[in-house]
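Quick notes on the structure that follows.
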Number of protein chains: 2
Amino acid sequence: MEKVDCIFFQLAKAYQLGNRFLTQRVSELNLTSVQAMILGFLDHEDQVTSSELGKRAELDSATLTGILDRLETAGFIERKGNPDDRRSIRIHLTKQGKVMAHEASRVIIEANKEFLQVLTEEQKRDLHGIIQTLRQYTTRLKTHIKHPGRMPEKRSNYGNHS
Amino acid sequence: MEKVDCIFFQLAKAYQLGNRFLTQRVSELNLTSVQAMILGFLDHEDQVTSSELGKRAELDSATLTGILDRLETAGFIERKGNPDDRRSIRIHLTKQGKVMAHEASRVIIEANKEFLQVLTEEQKRDLHGIIQTLRQYTTRLKTHIKHPGRMPEKRSNYGNHS
DNA sequence: TCTATTATACTCGTACACAAGTTAATTGCA
DNA sequence: TGCAATTAACTTGTGTACGAGTATAATAGA
């Protein structure tokens with residue numbers, strides 16, 4: 001198996017290429033690529049809960065917590081408690097966070113165009129369709145979403161702390 | 001910018017999807033996806049230097065060092081000094097490393113086929129071509145390969161250890 | 001020859017991805 | 001109503017990506 005024929009290798013390198021590209025573009029804003037994308041989501045809609053944002057960004061809650069920590073430390077977002085559901089939080093952009101989110105969106109759109117400019121319109125459509133197909137079909141085989149049932153059978157002494 | 005139209009987002013999720021898929025397949029060997037691929041490279045050609053392997057796997061030397069550490073700890077490879085060039089090392093598979101490398105190759109090939117089975121032959125060719133195009137053209141804009149020249153001008157006191 | 005440069009492999013620090021597990025709050029159901 | 005199951009957010013630990021910097025060895029040029 002040559003690496004050229006290995007889809008996992010090729011996807012990894014394509015991702016890394018895109019990620020380095022975007023990372024460089026947003027580095028002028030002192031953001032990472034992921035932070036910029038999260039701000040982009042928030043630019044589109046503010047005041048969401050962490051789990052809602054996680055669903056949209058398709059991020060693990062552990063990963064998202066870390067990203068939000070850094071965005072909060074940087075002063076771009078704030079976490080606010082939700083009186084309606086005291087488990088959840090609301091994420092909202094600060095004043096400078098709004099400015100930064102708007103800038104991030106702009107840079108991402110720009111980078112997107114530039115990154116794809118080597119492809120023909122047909123190739124762009126093809127790539128879009130192929131990724132959609134892969135994601136739709138393959139997600140069922142192994143998702144990152146927790147399986148609700150089918151745990152490896154613990155019965156009696158579960159939670160037995162004596 | 002909807003996330004569907006963001007190539008960076010789509011590439012990231014496609015990669016993560018493939019990576020989770022392969023990770024699950026090679027987990028029966030107690031390997032990570034990257035470890036399996038490195039063993040796959042070594043299955044193809046043994047006794048290479050770290051930098052040579054890094055070039056083939058297109059990995060940063062810092063990243064590769066860590067991966068080799070874990071493969072060495074697991075007993076699959078050994079690092080041997082090279083008398084011809086005392087800076088470099090030779091990586092070679094141990095006895096059980098050879099077995100594992102062969103198994104890893106097998107599982108990767110199998111997983112590759114299964115992962116791509118939802119695509120038509122034409123889509124596979126398209127995807128291949130698109131990724132090649134992106135990687136060839138875009139690599140020039142920002143590579144992870146060190147620029148040999150053009151360092152930010154250090155002159156006199158380089159290596160001045162007094 | 002001797003010094004500046006380059007190459008090899010390494011360490012360190014930061015950021016993500018993700019599995020697993022925790023705590024507290026909410027919901028569902030008998 | 002009361003308890004089990006679920007949910008929200010977080011923590012912990014491991015692995016990977018990568019920028020930056022280090023020590024040692026090899027090499028090229030004056």
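Numbers restart at 1 for each chain; the letters A, B, ... are given by sequence-line order, proteins then strands.
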**Request:** Find which nucleotide of DNA chain D each of A:Leu68 and A:Ala12 is nearest to by heavy atoms, and output the residue with the more 5' nucleotide.
**Result:**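 Result: A:Leu68.
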
**Position toward the 5' end of DNA chain D (nearest nucleotide), A:Glu52 or A:Tyr15** =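 The 5'-side residue here is A:Glu52.
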
For [X], report the nucleic acid contact type (base, sugar-phosphate, nothing); a contact means any heavy atom under 4.0 Å.
X       : value
B:Thr63 : base
B:Leu64 : nothing
B:Thr23 : nothing

Got a sec, which residues hit side chain to side chain donor-acceptor pair (under 3.5 Å) with [X], two or more places apart in sequence or on another chain?
X        : value
A:Asp5   : none
B:Ser105 : B:Asp43
B:Glu78  : B:His92
A:Gln10  : B:Gln132, B:Arg135

**Prompt:** In terms of side-chain geometry, is the basic nitrogen of B:Arg125 or A:Asp126 positioned less than 4.0 Å from the acidic oxygen of its partner?
**Reply:**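 Salt bridge between B:Arg125 and A:Asp126, a charged N being under 4.0 Å from a carboxylate O: no.
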
**Cationic N near anionic O, under 4.0 Å, A:Arg90 to A:Asp85** =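 Salt bridge flag = no for A:Asp85 with A:Arg90.
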
**Message:** If the condition is ring pair (Phe, Tyr, Trp, His ring centres under 6.0 Å), which residues does A:Phe76 pass it with, not counting sequence neighbours?
**Reply:**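 Ring pair (Phe, Tyr, Trp, His ring centres under 6.0 Å) list for A:Phe76, sorted by chain: empty.
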
**Prompt:** So which nucleotide from C:dA20, C:dA9, C:dA17 ends up closest to the side chain of B:Gln16?
**Reply:**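 Of the options given, the side chain of B:Gln16 lies nearest C:dA17.
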
**Transitive ILVMFWY cluster of A:Tyr15, excluding itself - 4.5 Å side-chain cut-off** =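 Joined to A:Tyr15, directly or through intermediates: B:Tyr15.
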
**Asked** When you check the phosphate oxygens OP1 and OP2 of C:dA9, does a side-chain N or O of B:Thr65 lie under 4.0 Å from one of them?
**Response**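 For C:dA9, neither OP1 nor OP2 has a side-chain N or O of B:Thr65 closer than 4.0 Å.
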
Side-chain donor-acceptor distances from residues 28-39 of chain A under 3.5 Å, at least two apart:
| from | atom 1 | to | atom 2 | distance (Å) |
| --- | --- | --- | --- | --- |
| A:Thr32 | OG1 | A:Gln35 | N | 3.1 |
| A:Ser33 | OG | A:Asn19 | OD1 | 2.6 |
| A:Gln35 | OE1 | A:Thr32 | N | 3.2 |

**Request:** Check each residue of residues 70-91 of chain B for a non-hydrogen atom within less than 4.0 Å of any atom in DNA chain D, then write out the ones that pass by number, or none.
**Result:**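 Under 4.0 Å from DNA chain D: B:Arg70, B:Asp85, B:Arg86, B:Arg87.
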
**Request:** Please list residues of residues 27-45 of chain A whose heavy atoms come under 4.0 Å from any atom in DNA chain D, ordered by number; otherwise none.
**Result:**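 Residues of residues 27-45 of chain A that come under 4.0 Å of DNA chain D do not exist, since none gets that close.
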
**Prompt:** For B:Lys13 and B:Ser51, take the nucleotide of DNA chain C holding the closest heavy atom to each; which residue's nucleotide lies nearer the 5' end?
**Reply:**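 Result of the comparison: B:Ser51.
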
**Request:** Would you mind reading off the distance between B:Leu59 atom CG and C:dA9 atom C1', rounded to a whole angstrom?
**Result:**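 That distance rounds to 14 Å.
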
